[in-house]
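Report on the following structure.
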Amino acid sequence: MAETFAVIGAGQWGTTLANVLAGNDVRTQLWAREPEVADVIVRQHENTVFLPGIALDPRLRATARLAE
């Protein structure tokens, strides 16, 4: 199984880093403190709160559950 990288924090920098990793075909899980932010990233492939207007790689996974 391929390794998954985790980025803790879905602000501007965390989202950008996670998006670059995912765009380079690296399995990436982004953790957001706010469940609604993680949900929008998964559904719309955009961080409308902290990075509006930037399309995110559809391979980027996001969650609000740190255990994931």
Side-chain angles (χ1 to χ4, degrees):
M1 177 182 254
E3 291 183 16
T4 299
F5 285 80
V7 176
I8 308 299
Q12 290 177 344
W13 281 102
T15 301
T16 300
L17 175 60
N19 193 50
V20 169
L21 289 169
N24 283 292
D25 208 23
V26 175
R27 287 179 48 128
T28 307
Q29 179 84 10
L30 176 62
W31 176 78
R33 180 179 3 178
E34 304 87 347
E36 60 277 6
V37 170
D39 185 52
V40 170
I41 291 171
V42 170
R43 286 186 299 105
Q44 298 178 14
H45 307 293
E46 181 181 354
N47 185 336
T48 57
V49 175
F50 298 107
L51 207 59
I54 304 298
L56 301 176
D57 193 291
R59 295 171 288 190
L60 176 60
R61 299 180 308 163
T63 185
R65 294 176 27 178
L66 192 54
E68 288 185 30

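These numbers were taken from a predicted model, which means no experiment stands behind them.
- Across all non-hydrogen atoms, the minimal contact from Ala32 to Ala10 is CB-CB, 3.6 Å.
- Applying the salt bridge (charged side-chain N to carboxylate O under 4.0 Å, His left out) rule to Glu68 yields the partners Arg65; only residues at least two apart in sequence or on another chain are considered.
- Distance check: Ile41 CD1 to Thr63 OG1 gives 10.5 Å after rounding to the nearest 0.5 Å.
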Before you tell me yes or no, could you show the steps for Asn47 and Ile54 under side-chain contact (heavy atoms from CB on, under 4.5 Å), namely the whole-Å CA-CA distance, both residues' side-chain angles and the distance that decides it to 0.1 Å? CA-CA 7 Å; Asn47 185 336; Ile54 304 298; over 6 Å; no

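- Expressed to the nearest 0.5 Å, how far OG1 of Thr4 lies from CG of Leu21 amounts to 11.5 Å.
- Residue Leu66 belongs to a hydrophobic cluster whose other members are Ile8, Trp31, with links defined by side-chain heavy atoms closer than 4.5 Å.
- Leu60 and Val40 fall into different hydrophobic clusters, where Ile, Leu, Val, Met, Phe, Trp and Tyr side chains are chained together by heavy-atom contacts under 4.5 Å.
- Under the 3.5 Å distance criterion, the side-chain polar atoms of Thr28 are left unmatched by any main-chain donor or acceptor of Phe5.
- With hydrogens and angles ignored, the 3.5 Å screen pairs no side-chain donor or acceptor of Asp57 with any backbone N or O of Asn19.
- You'll find the side chain of Thr15 reaches within 4.5 Å of the side chain of Leu30, heavy atoms only.
- Clustering ILVMFWY residues whenever any of their side-chain heavy atoms sit less than 4.5 angstrom apart, transitively, puts Leu56 in the very cluster that holds Val49.
- Of all heavy-atom pairs between Arg27 and Glu3, the closest is CB-O, 3.5 Å.
- Leu17 and Val42 fall into different hydrophobic clusters, where Ile, Leu, Val, Met, Phe, Trp and Tyr side chains are chained together by heavy-atom contacts under 4.5 Å.
- For Ala64 against Pro35, the heavy-atom pair with the smallest separation is CB-CA, 3.5 Å.
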